[in-house]
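The structure presented is a predicted model; accordingly, all values stated were derived computationally and were not measured.
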Amino acid sequence: MASLISNTQITLDSHQNWQTVTTQIPTPSDHELLIKVQAAAVNPIDLKRRAVTTHILGYDGYGEVLAIGKTVTQFKVGDIVYYAGSTQLDGSFQAYQCMTEALCALAPDQLSASEAAGLPLVSLTAYELLFEKFHFEAAEQAHLGKNLLIINGAGGVGSIMSQLAKWAGFTVYATSSPQNFNWLKANGVDYPVDYHQTSDQLNLDQLPADHFDAIAVLYDVAPYLSAATRLIKPLGHVGSLVNMQAPLDLTPLKAKSVTFDWEYMFTKTDFDYEIASQGAILKKIARLADTNQIHSITTQVYQGLSVENLDTITTELTKGHAIGKYVLTY
């Protein structure tokens with residue numbers, strides 16, 4: 001490690017603007033890996049947390065293990081790993097990063113660095129909501145005959161959830177603008193649904209009542225609560241991962257005994273609760289990717305860890321219409 005003399009990082013200045021700094025290479029603790037980062041995805045949560053964190057941002061990462069802590073048992077120097085990180089640790093917008101062993105998995109062999117780097121955060125979020133919160137079995141074709149509705153299906157989480165649900169046997173419905181219907185179909189959606197209520201295309205008002213075993217609202221749930229109440233089956237699940245703008249009365253769900261589920265991927269690491277499950281999930285995701293059961297959703301790749309690239313990506317994500325994942329390769 002003596003030849004490694006500096007670590008390039010992208011941090012935030014006092015005005016929440018990206019800036020480049022140079023520091024020493026970090027040293028892994030007993031349970032950490034030192035990773036030479038080769039790719040990192042940019043997620044909307046990076047932009048949301050700019051004003052509330054002093055940590056280096058960047059949650060999705062992919063790279064080579066350069067050193068391991070003395071209690072590490074699952075990885076060795078030279079392994080290529082991928083991970084979604086933690087709000088409690090410095091992130092992947094740096095050349096060298098220390099990451100907790102339990103949060104990592106060997107990266108998919110069949111995907112490139114940019115393809116694999118776009119998977120961890122959205123895969124964990126989709127998997128945890130579908131299989132842990134909704135309590136569906138995570139097994140191939142286990143849910144034939146069941147129906148899942150995804151609100152905002154063309155986003156990163158929706159595009160992976162639809163693939164996982166299709167693998168698990170669901171008939172998948174998902175909303176988007178009609179211009180993204182081909183994207184939905186490419187990611188396992190059986191029935192694209194126009195989110196416009198007055199559309200000539202299939203829309204929420206045209207879907208049958210009591211039809212869905214689960215509804216994942218990957219958007220503010222308030223505008224969709226009435227539709228979800230009509231569409232969900234008795235004893236079904238409605239879940240969301242987006243903060244509500246105001247308190248929401250869930251009483252309409254009571255008559256059907258519907259369960260409302262929250263999903264926040266960082267809950268486990270924020271509270272140090274079952275964190276090894278995330279490394280285990282990423283191991284399953286890698287296996288599914290290597291057997292062509294799911295595929296990458298990386299759509300834009302930018303070469304180089306730079307303020308210019310992060311500014312460009314930030315501008316695109318802020319518009320709110322990005323499809324797939326935007327990835328930096330170093």
Side-chain angles (χ1 to χ4, degrees), residues 1 4 7-11 23-43 45-46 48-49 52-108 111 113 116-129 131-132 160 241 263-287 289 305 325 327-328 330:
M1 300 298 296
L4 303 179
N7 184 23
T8 300
Q9 302 172 327
I10 302 293
T11 64
T23 64
Q24 293 183 329
I25 302 298
T27 300
S29 68
D30 289 353
H31 60 280
E32 288 183 333
L33 314 176
L34 174 63
I35 299 164
K36 184 181 188 303
V37 184
Q38 298 174 1
V42 185
N43 291 283
I45 194 169
D46 291 302
K48 293 177 183 178
R49 289 187 56 79
V52 298
T53 184
T54 58
H55 290 293
I56 298 166
L57 293 170
Y59 297 106
D60 284 323
Y62 170 105
E64 180 183 358
V65 177
L66 296 184
I68 61 174
K70 64 182 182 181
T71 64
V72 169
T73 60
Q74 299 180 66
F75 303 99
K76 63 183 184 303
V77 172
D79 282 343
I80 303 297
V81 298
Y82 76 144
Y83 47 93
S86 163
T87 62
Q88 309 304 303
L89 300 170
D90 283 339
S92 55
F93 295 164
Q94 56 181 326
Y96 301 93
Q97 176 188 13
C98 288
M99 182 49 57
T100 307
E101 172 190 29
L103 299 177
C104 297
L106 293 176
L111 299 184
L119 284 178
L121 189 149
V122 293
S123 296
L124 286 169
T125 301
Y127 189 102
E128 288 182 352
L129 184 55
F131 300 124
E132 293 185 348
I160 291 296
L241 49 87
E263 163 58 20
Y264 179 54
M265 195 219 74
F266 294 116
T267 295
K268 292 175 180 177
T269 50
D270 283 354
F271 293 92
D272 193 23
Y273 182 79
E274 296 182 354
I275 64 170
S277 69
Q278 295 199 323
I281 291 169
L282 289 179
K283 185 176 180 179
K284 296 177 184 177
I285 295 297
R287 189 182 310 120
L305 177 64
K325 296 299 294 291
V327 173
L328 298 166
Y330 310 172

Taking all non-hydrogen atoms of both residues into account, name the closest pair between Ala41 and Phe93 and its distance. O-CE2, 3.9 Å

Which residue pairs pass the side chain to side chain donor-acceptor pair (under 3.5 Å) test when at least one of the two sits in residues 63-76, sequence neighbours left out? Lys76-Asp79

Of all heavy-atom pairs linking Ala40 and Tyr330, the shortest is CB-OH, 3.3 Å

Can you tell me if Gln278 uses its side chain to pair, donor with acceptor, with the backbone of Met265 under 3.5 Å? yes

Quick one: pull up CG in Leu129 and CG in Leu241 and give me the separation to the nearest 0.5 Å. 6.5 Å

Backbone N/O of Ala102 and side chain of Thr100: donor-acceptor pair under 3.5 Å: no

Measuring from Tyr127:OH to Ile160:CD1, what's the distance to the nearest 0.5 Å? 14.0 Å

d(Leu57 CG, Lys48 NZ) to nearest 0.5 Å is 13.5 Å

Considering only heavy atoms from C-beta outward, does the side chain of Glu132 approach that of Ile281 to under 4.5 Å? yes

Are side-chain heavy atoms of Thr87 and Thr53 found at a separation under 4.5 Å? no

Distance-only, no hydrogens or angles: does the Glu274 side chain make a donor-acceptor pair with backbone N or O of Lys268 under 3.5 Å? no

Once rounded to the nearest 0.5 Å, what's the spacing between atom NZ of Lys36 and atom OH of Tyr96? 5.0 Å

With a 4.5 Å limit on heavy-atom distance, are the side chains of Leu89 and Met99 in contact? yes

Nearest heavy atoms of Ala84 and Leu124, plus distance in Å: CB-CD1, 3.6 Å

Would you say Asp270 and Tyr264 make side-chain contact, with heavy atoms under 4.5 Å? yes

Taken to the nearest 0.5 Å, the spacing of Arg49 CZ from Tyr59 OH works out to 4.0 Å

Minimum heavy-atom distance between Ala67 and Val77, given as atom pair plus value: CA-CG2, 4.0 Å

Ignoring hydrogens and angles, tell me if any N or O in the side chain of Tyr82 forms a donor-acceptor pair with the backbone of Leu282 under 3.5 Å. yes

Counting C-beta onward and ignoring hydrogens, is there a side-chain heavy-atom pair between Phe266 and Leu121 closer than 4.5 Å? yes

Closest non-hydrogen atoms of Asp60 and Asn43, given as atom of the first, atom of the second and distance, are OD2-ND2, 2.9 Å

Please check this pair: side chain of Ser123 against backbone of Leu119, looking for a donor-acceptor N/O pair closer than 3.5 Å. yes

Rounded distance (nearest 0.5 Å) linking atom CG of Leu66 with atom SG of Cys98: 10.0 Å

4.5 Å side-chain heavy-atom contact, Leu34 and Ile25: yes

Under the 3.5 angstrom rule, does the side chain of Asn7 hit a backbone N or O of Ala95 as a donor-acceptor pair? yes

Does Tyr83 reach the side chain of Ile35, with side-chain heavy atoms less than 4.5 Å apart? yes

Minimal heavy-atom distance between Val37 and Ser92, with the atoms involved, is CG1-O, 3.8 Å

Taking the side chain as everything from C-beta on, heavy atoms only, tell me whether Glu263 gets closer than 4.5 Å to Thr125. yes

